[in-house]
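Encoded as structure tokens, the structure appears first; notes follow it.
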Amino acid sequence: MADRTDGIHTMDFWAKFEKKLIEGSGIADFTRSRESLDGLWNYGIDQYDSCLRNGWYNEHQTDPDGRPLPLDYSFDEWDTIQVPSCWNLQSDKLFLYEGSLVYTRKFSYNADCESERVFIKFGGVNERAAIFLNQTYLGMHRGGSTPFFVEVTQVLKPENRLLVVANNTRRPSNIPMDNTDWFNYGGIYRSVELLRLPATFIRSFEVGLQPDSGFEQIYANLKIDGADSGTAVLKIPELNLTAEIAVIGGIGRAVIPAKPLLWQLDDPKLYDVEIEFGGDILREKIGFREIRVQGSEILLNGKSLFLKGVSAHEDSVANGKAVTEAEIRQVYSLAKEMNCNFMRLAHYPHSESAARIADEVGLLLWEEIPVYWAIEFSNPDTYKNAENQLTELICRDINRASVIIWSIGNENLDEDPRLAFMSGLAGRARSLDPTRLISAACFADGELLKITDRLAEYLDIIGINEYYGWYDPDFTKLPKILANSNPGKPVVITEFGADCRAGLPATGTRDDMFTEDFQLDVYERQIEMLRGISYIKGTSPWIFFDFRCPRRLHPVQNYYNIKGLLTADLRYKKKAFYAMQSYYGGL
């Protein structure tokens with residue numbers, strides 16, 4: 001009766017597993033050899049969390065005297081599901097499911113050498129993941145959009161069972177909270193990989209253009225796991241650069257003379273960069289550029305920049321959040337067709353492929369963590385979760401030239417607990433990366449009709465979401481807000497727009513809501529109003545393409561947010577797409 005009574009008496013069973021959290025900066029792994037654990041996994045829908053409550057992960061099949069026990073599971077006889085994927089799109093019965101799914105698979109392992117260390121990388125599991133290998137609990141990760149690494153060196157056997165309990169239950173204390181405006185996909189939706197590393201390895205390294213150096217110096221920072229001191233060697237063959245970097249206390253830092261060709265939007269130059277320490281070698285493709293603000297100007301490589309952008313969710317009709325590289329490239333190609341130089345990746349970290357591809361094609365990115373709406377700003381554990389997601393995002397994309405803005409949140413009211421929470425995140429971002437800009441998508445004051453958010457003091461760029469002409473039909477408020485404000489910093493209008501069902505016929509007037517003519521009218525009025533404001537240095541209207549959203553219950557919406565300039569399948573351009581294309585083309 002042990003398993004059954006444990007299940008009966010363990011009330012707050014999640015708290016037991018949350019005591020061992022998987023957090024941190026991750027591992028630089030771009031060019032490391034890896035073994036894919038993707039493919040078909042067995043799965044069970046575990047609505048009552050019986051695996052965690054009753055200890056299925058222990059695989060106790062007999063009592064202490066060897067007598068067989070009745071089991072409520074049979075891992076290897078369960079149905080199979082593709083990893084990576086969003087479970088919602090793999091089975092009709094899972095489409096709106098929220099809760100736990102138990103994933104399991106077996107794999108073989110043969111050590112290459114006795115001293116190697118082995119990690120499993122999970123690219124993304126939404127939203128909590130409890131990890132077990134060979135009946136050993138390895139820890140729990142929180143946050144559905146950032147990668148995490150688990151060392152399994154001491155647990156591996158020639159034959160292994162990996163078990164993951166993935167849970168997408170919405171909770172008020174989560175990041176994001178229990179009330180959002182996008183689809184709550186579940187599952188192991190990014191790749192799972194086995195990494196073999198030497199006993200001493202380069203855990204992270206960062207190489208970039210040294211700020212305020214006249215574009216004539218680069219910096220290099222690295223962290224070593226397994227050794228406190230030694231010498232690392234940095235090489236950039238195309239620059240004929242070889243430099244030694246002293247490592248003390250596991251940390252190496254250097255500023256090195258160099259004159260790289262700068263990464264530009266129309267010429268996104270990438271260099272092959274190599275770093276070596278103690279026989280461990282990592283390689284990256286890195287672009288060198290400088291981003292900063294000066295007054296109300298945004299400067300890329302010292303030249304004034306207007307962010308001609310659009311917001312986008314990570315979503316596709318076929319794959320949900322498990323987007324493919326081909327889908328990312330298609331979205332970027334369409335953005336460039338609209339004359340964009342910038343995209344706001346909302347409201348959570350998108351695939352790490354998104355930034356790598358943007359590096360390659362020459363597109364600037366705003367990356368964001370889901371500190372969204374009215375989260376529990378006074379809850380220390382909620383802050384810890386948000387800070388860890390921010391840390392994991394920054395460490396993942398620290399070498400991406402395309403990423404110019406870290407966003408610490410979206411649409412929160414200006415209240416004291418929120419100010420303390422968000423200013424703490426801004427400080428954390430600056431401590432991890434002083435070379436990029438910090439922003440957040442804020443509100444203007446709807447009563448004073450002015451930009452007054454106190455968080456602006458901690459930001460480099462102020463993002464403003466406003467829906468005049470749609471959620472607030474009184475469009476006359478917008479010119480008053482713009483005239484009354486003097487923020488002293490660049491402002492990006494991070495959201496504006498209106499719902500529109502492609503092809504919905506109008507009845508002869510531009511006042512027909514949900515039609516293309518109505519959406520076009522909102523866009524044309526916004527463009528006309530914003531184009532003459534000197535401190536506005538960018539726009540990213542909401543949103544590039546329609547996306548799934550269970551809170552959108554109007555028959556015209558049909559469970560989609562239809563503010564897109566494109567339909568969800570990316571095949572149809574609405575009239576407002578061409579309005580933005582013309583506007584951006586003329587800047």
Side-chain angles (χ1 to χ4, degrees), residues 20-39 41 83-84 103-125 129-134 136-141 143 145-164 166 188-206 222-227 232 250 273-286 322 325 349 351-353 355-356 388 391-400:
K20 188 175 183 179
L21 292 177
I22 302 167
E23 298 176 315
S25 59
I27 297 171
D29 70 308
F30 178 50
T31 55
R32 294 194 183 278
S33 62
R34 63 195 69 220
E35 297 159 43
S36 175
L37 296 179
D38 292 348
W41 291 44
V83 170
Y103 291 78
T104 183
R105 64 157 293 165
K106 293 178 178 178
F107 66 94
S108 300
Y109 166 76
N110 293 304
D112 289 340
C113 65
E114 291 184 1
S115 62
E116 75 178 3
R117 294 172 64 182
V118 184
F119 293 77
I120 297 178
K121 176 187 178 181
F122 293 85
V125 183
I131 312 299
F132 302 84
L133 182 65
N134 300 329
T136 299
Y137 176 53
L138 301 178
M140 176 175 288
H141 183 263
S145 300
T146 47
F148 59 98
F149 298 77
V150 187
E151 184 163 11
V152 295
T153 309
Q154 303 302 320
V155 186
L156 281 169
K157 301 176 181 179
E159 298 298 326
N160 302 272
R161 179 184 298 284
L162 178 60
L163 186 145
V164 178
I188 305 174
Y189 70 98
R190 293 182 186 150
S191 286
V192 184
E193 299 165 316
L194 196 74
L195 303 178
R196 298 170 184 254
L197 306 178
T200 296
F201 64 93
I202 304 165
R203 177 170 282 273
S204 66
F205 84 105
E206 172 191 356
L222 66 149
K223 294 181 181 178
I224 303 300
D225 193 312
V273 178
E274 178 182 295
I275 189 97
E276 179 178 3
F277 182 89
D280 187 31
I281 300 175
L282 280 177
R283 296 176 178 87
E284 263 282 14
K285 287 187 174 294
I286 293 176
E325 289 196 12
S351 164
E352 61 188 289
S353 295
R356 290 193 177 276
N388 183 64
T391 299
E392 290 177 342
L393 171 62
I394 291 176
C395 293
R396 187 193 76 180
D397 287 347
I398 194 71
N399 286 316
R400 305 281 66 83

- Query: Can Phe107 and Leu133 be said to form a side-chain contact (heavy atoms from CB on, under 4.5 Å), step by step?
  - Reply: CA-CA 11 Å; Phe107 66 94; Leu133 182 65; 3.9 Å; yes
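In this structure, OG in Ser33 is found 10.5 Å from CD in Glu193, a value given to the nearest 0.5 Å. The structure places CD of Glu352 at 10.5 Å from CG of Leu393, a figure rounded to the nearest 0.5 Å. For the atom pair Glu276 CD and Ile202 CD1, the distance stands at 7.5 Å (nearest 0.5 Å). Residue Lys223 holds its NZ atom at 12.0 Å from CZ of Phe201, rounded to the nearest 0.5 Å.
Contact of the Tyr109 side chain with the Val118 side chain is registered, since non-hydrogen atoms from C-beta on lie closer than 4.5 Å. Using a 4.5 Å heavy-atom cutoff, the side chains of Phe122 and His141 are not in contact. Counting heavy atoms from C-beta on, the side chains of Asp280 and Arg32 come closer than 4.5 Å. Annotation: side chain of Leu195 is in contact with side chain of Phe149 (closest heavy-atom distance under 4.5 Å). Using a 4.5 Å heavy-atom cutoff, the side chains of Phe119 and Asp29 are not in contact. A 4.5 Å side-chain heavy-atom check between Leu162 and Ile131 finds at least one atom pair inside the cut-off. Two residues are said to be in side-chain contact when any heavy atoms from C-beta on lie closer than 4.5 Å; Ile27 and Leu197 meet this criterion.
Checked by atom type and distance alone, the side chain of Arg117 never pairs as donor or acceptor with a backbone atom of Arg196 at under 3.5 Å. In this structure, the side chain of Thr200 engages the main chain of Gly226 through a donor-acceptor pair within 3.5 Å. Of the possible polar contacts, one joining the Thr31 side chain to the Arg283 backbone as a donor-acceptor pair under 3.5 Å is found.
Taking all atoms of both residues into account, the shortest heavy-atom contact from Asn160 to Ser108 is ND2-C, 4.3 Å. Heavy atoms only, all atoms of each residue included: Ile22 and Val150 are closest at CD1-CG2, 3.6 Å. In terms of heavy-atom proximity, Arg105 sits nearest to Leu37 at NH1-O, 3.0 Å. The two residues Ala322 and Tyr189 make their nearest non-hydrogen contact at CB-O, 3.4 Å. When every heavy atom of Ala111 is checked against every heavy atom of Glu116, the shortest pair comes out as CA-OE2, 3.3 Å. Summarising the geometry of Pro349 relative to Arg190, their closest heavy-atom pair is O-NH2, 3.2 Å, with the distance given to 0.1 Å.
Listed by chain and number, the residues in a side-chain contact (heavy atoms from CB on, under 4.5 Å) with Ser36 are Asp38 (sequence neighbours excluded). For Glu284, the side-chain contact (heavy atoms from CB on, under 4.5 Å) partners are Phe30, Phe205, Ile286, Arg356, Asn399, Arg400, not counting sequence neighbours.
Within a 6.0 Å radius of NZ in Lys20, other residues, nucleotides and ligands contribute more than 12 heavy atoms.
Side-chain polar atoms of Thr104 and Arg161 form a donor-acceptor pair below 3.5 angstrom.
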